[in-house]
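The next block holds one structure in the form of structure tokens; read it before the comments.
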Amino acid sequence: MAEPRIQVELTASFIERLESVETFLAEADAPQAYDKLLDGLRRTVILNLRRFPRIGRRYLDQPPQSAEAMTQLAALPPGAADALREYLHGDYLILYTLTGSTVYLLSIRHHRQLSFAFAKLWEP
């Protein structure tokens, strides 16, 4: 019996976060790191997820502690939060889910990216 063919799809939110990673790396004067990331996504991450779609750890194994994250998780459809998985690739954390025979890449973040734009908090 043949194994099901796993597809890997990039969501609009993943592409948006990927663009923010590109901006972050350009501002850090490391644009070559973005090219390396794209290569790693193609050559490693996507291939691994096609072969081992459950390779990442369950997101809720380390539940978030912030009220914002808990509110966002509560707003998801029933069971959706349980399907979230994390994949670590070098300096990047990738959030994804497996639905049927498709892996959906949901988000990506460089480990040094902050979730808050602190400089904007003090703008007049």
Side-chain angles (χ1 to χ4, degrees):
M1 180 175 189
E3 292 182 24
R5 177 82 171 127
I6 301 295
Q7 304 267 354
V8 177
E9 301 214 4
L10 285 66
T11 63
S13 62
F14 182 84
I15 293 168
E16 183 179 308
R17 292 295 314 145
L18 197 55
E19 290 169 355
S20 77
V21 170
E22 180 180 27
T23 301
F24 170 77
L25 292 171
E27 290 172 356
D29 200 27
Q32 69 284 0
Y34 185 71
D35 294 333
K36 184 177 175 183
L37 168 62
L38 293 179
D39 187 55
L41 287 172
R42 279 189 293 269
R43 292 177 183 253
T44 304
V45 174
I46 291 173
L47 294 178
N48 284 345
L49 288 172
R50 280 185 180 148
R51 189 161 181 209
F52 307 106
R54 290 179 181 81
I55 195 171
R57 77 174 175 200
R58 289 184 58 244
Y59 179 74
L60 292 181
D61 283 352
Q62 298 285 318
Q65 302 298 311
S66 73
E68 295 86 358
M70 288 188 280
T71 300
Q72 288 178 349
L73 286 174
L76 293 174
D82 291 328
L84 294 174
R85 300 186 83 78
E86 296 175 321
Y87 183 104
L88 296 175
H89 175 69
D91 291 334
Y92 305 92
L93 175 85
I94 298 167
L95 188 65
Y96 75 95
T97 189
L98 173 65
T99 304
S101 62
T102 304
V103 168
Y104 293 96
L105 299 182
L106 303 171
S107 188
I108 184 169
R109 188 175 297 265
H110 187 280
H111 77 92
R112 290 189 179 173
Q113 282 181 287
L114 296 174
S115 57
F116 299 104
F118 289 110
K120 292 183 180 182
L121 295 176
W122 286 278
E123 287 180 358

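Keep in mind it's a predicted model, so treat the numbers as computed, not measured.
Across every non-hydrogen atom of His89 and Ile94, the tightest pair is CB-CD1, 4.3 Å.
Note that CD1 of Ile6 is 10.5 Å distant from CZ of Arg50, once rounded to the nearest 0.5 Å. From Leu41, atom CG reaches atom OH of Tyr87 across 9.0 Å, with rounding to the nearest 0.5 Å.
A donor-acceptor distance shorter than 3.5 angstrom exists from the side chain of Arg85 to the backbone of Arg54, with no hydrogens or angles considered. Judged by distance alone, with hydrogens and angles left aside, the side-chain atoms of Ser13 form a donor-acceptor pair with the main-chain N or O of Leu106 at under 3.5 Å.
Taking Ile, Leu, Val, Met, Phe, Trp and Tyr as hydrophobic and joining them when side-chain heavy atoms fall under 4.5 Å apart, one finds Leu93 in a cluster with Leu88.
Under the rule for a side chain to side chain contact (heavy atoms under 4.5 Å, CB included), the partners of Leu60 that lie at least two apart in sequence or sit in another chain are Arg58, Pro64, Leu73, Ala81, Asp82. In this structure Ser20 satisfies the side chain to side chain donor-acceptor pair (under 3.5 Å) test together with Arg17, sequence neighbours excluded. Remark: Gln7 engages no residue in a side chain to side chain donor-acceptor pair (under 3.5 Å) (not counting sequence neighbours).
Tracing side-chain contacts under 4.5 Å through hydrophobic residues (I, L, V, M, F, W, Y), one reaches Leu10 starting from Ile55; they form part of the same cluster. Criterion: ILVMFWY side-chain heavy atoms under 4.5 Å apart, direct or through other members. Under it, Ile15 and Leu105 are part of a common hydrophobic cluster.
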Result block: side-chain N/O donor-acceptor pairs under 3.5 angstrom for residues 24-40, not counting sequence neighbours:
residue: Asp39; atom: OD1; partner: Arg43; partner atom: NE; Å: 2.6
residue: Asp39; atom: OD2; partner: Arg43; partner atom: NE; Å: 3.4

Could you give the side-chain donor-acceptor pairs of residues 95-103 under 3.5 Å, partners two or more places apart or in another chain?
residue: Tyr96; atom: OH; partner: Pro53; partner atom: O; Å: 2.8
residue: Tyr96; atom: OH; partner: Gly56; partner atom: N; Å: 2.9
residue: Thr97; atom: OG1; partner: Ala83; partner atom: O; Å: 3.3

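Between Gln62 and Glu86, the closest side-chain pair of non-hydrogen atoms is not below 4.5 Å.
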